[in-house]
Amino acid sequence: MEQKKKTNKKFIIIISTLVLVGLVYGGYKYIHSLSHESTDDAQIESNMNSIIPHVGGYIDKVYVTDNQKVKKGDTLFTINTNDYLVKLEQAKAQLAAAESQVNVAEASIGSYRANAAASTAQVSSAGGNIESARIKLGRATSDFKRYENLYSNHSITAQQYEQALAAKEEAENQLKILQSQQKAASSQSNAANSQTTISEKQVNVAEANVKSAQAMVDAAQLNLDYTVVLAPIDGQLSEVNMQPGQFVQAGQSLFYLINTDNKWVVANFKETQLDKMRVGQKVTIEIDAYPGEDFDGTIATFSPATGSKFSLLPPDNATGNFVKTIQRLPVKIEFTKNNDAEKLARLRSGMNADVDVHLK
């Protein structure tokens, strides 16, 4: 009977201890929840730059390997340049031809301008000759009138009268000829001026062709430069799954370059946890890969929408039956400068984390 009482006493002590521990732990968790919000739905993030060639072709040489660290400007791989060298030479030939067209057009302008000047001079000369012819015609007409009066009075012979008439008619014909010549010279001058204008426009067209050809040369040179693919930032490469002789297309994503110098945490908190959370609040971060090591952080930003809104097929609660589901909002948490740089360097994008936000 005494042994049974001892057994019951031990059992009561164990149960009491467990209940006390449970109450203490529950009380601690309750008090902790008043000034903290935590979640284990969090991951390490960093910028991942996709390496995409601007031009397509066969890979000539690969200069990097899997997981290699590179500096900005380091050569990652090269693409065969034969096709792009040919296109560059073609563009240069077209540029030379366009420049020759400009020279020809400019030379034509000089010739047409000379013709226009000569035609203008002919028009001016014809105008002077016409004035002289008019003076002669006036004199011949006056002489003819005098001779006509004298002939009517039988003061002169018929031969003298006919000579005066012939002189008058000759002067009239000479004036008509010179006026016709002036019209022809004026037409030639207008034609020469029009041809000069056309030639000037041809020069403008030829110069525009030169600019277009120069742009083609620049584009061909740029494409040739793009055959050397460089690292855009400092960082570490992912798996480099490529080899010489492999054909790649322009815009094809080949592998990734991860910026290892800039990391942060994205924690997905329930919408019911956000009431007291603010930008700048202190955060304690624990990484699953390194248990027991805490990192300091602060809340940087809140996402403008819940994660479900960014999904490929966002939910539409206006269709079908509705079941209310607590949504999660991504929160960006940045590491502070108080953290050990060596420890931060060990973190990798995608690692799971537990975060604890200090609300007060």
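Residue numbers run from 1 in the order of the sequence given.
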Min side-chain heavy-atom separation [X]-[Y] under 4.5 Å:
X	Y	answer
Tyr63	Asp74	no
Asp354	Asp288	yes
Phe310	Pro330	no
Phe77	Ile51	yes
Asp40	Asn352	no
Leu88	Val217	yes
Asn262	Ser46	no
Asp296	Val283	no

Donor-acceptor pair, [X] side chain versus [Y] backbone, under 3.5 Å?
X	Y	result
Gln43	Asp41	no
Glu45	Trp264	no
Ser238	Tyr256	yes
Asp234	Lys72	yes
Glu271	Gln327	yes
Ser212	Ala208	no
Glu99	Val210	no
Asn339	Thr336	yes
Gln281	Lys276	yes
Tyr290	Arg346	yes

Atom of [X], atom of [Y] and distance for their closest heavy-atom approach:
X	Y	result
Val64	Thr75	CG1-O, 4.1 Å
Ala267	Ile333	CB-CD1, 4.0 Å
Met48	Ser349	SD-OG, 4.3 Å
Pro53	Gln252	CD-O, 3.1 Å
Met242	Ile59	CE-CD1, 2.8 Å
Glu342	Asp340	N-OD1, 3.0 Å

Taking a hydrophobic cluster as the set of Ile, Leu, Val, Met, Phe, Trp and Tyr residues connected by side-chain heavy atoms closer than 4.5 Å, whether directly or through intermediates, do [X] and [Y] fall within one such cluster?
X	Y	answer
Leu237	Leu230	no
Val357	Val279	yes
Leu224	Leu222	yes
Val266	Phe302	no
Leu254	Ile233	yes

Derivation and outcome, side-chain contact (heavy atoms from CB on, under 4.5 Å), residues His358 and Thr284: CA-CA 8 Å; His358 300 250; Thr284 300; 2.8 Å; yes
To the nearest 0.5 Å, tell me how far [X] [atom1] sits from [Y] [atom2].
X	Y	atom1	atom2	value
Leu85	Asp83	CG	CG	9.0 Å
Ile79	Asp60	CD1	CG	9.5 Å
Gln236	Thr260	CD	OG1	6.5 Å
Asn67	Ile258	CG	CD1	8.5 Å
Leu274	Leu329	CG	CG	5.5 Å
Lys263	Phe335	NZ	CZ	8.0 Å

Aromatic plane relationship, His54 with Tyr226 - under 30° parallel, 30 to 60° tilted, over 60° perpendicular: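 Parallel.
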CA sep, side-chain torsions, deciding dist, call: Asp294, Ile285, side-chain contact (heavy atoms from CB on, under 4.5 Å): CA-CA 6 Å; Asp294 292 339; Ile285 305 167; over 6 Å; no
Heavy-atom neighbours of [X] [atom1] exceed 12 at 6.0 Å:
X	atom1	value
Asp66	CG	yes
Tyr58	OH	no
Met277	CE	yes

Pair Glu37-Leu359, side-chain contact (heavy atoms from CB on, under 4.5 Å): steps then yes or no: CA-CA 7 Å; Glu37 289 290 354; Leu359 302 178; 3.8 Å; yes
Test log, rule side-chain contact (heavy atoms from CB on, under 4.5 Å), inputs Val355 and Thr39: CA-CA 6 Å; Val355 297; Thr39 183; 3.5 Å; yes
Between Ser253 and Ser50: side-chain donor-acceptor atoms closer than 3.5 Å: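 Their side chains do contain a donor-acceptor pair, which is all the 3.5 Å distance test asks for.
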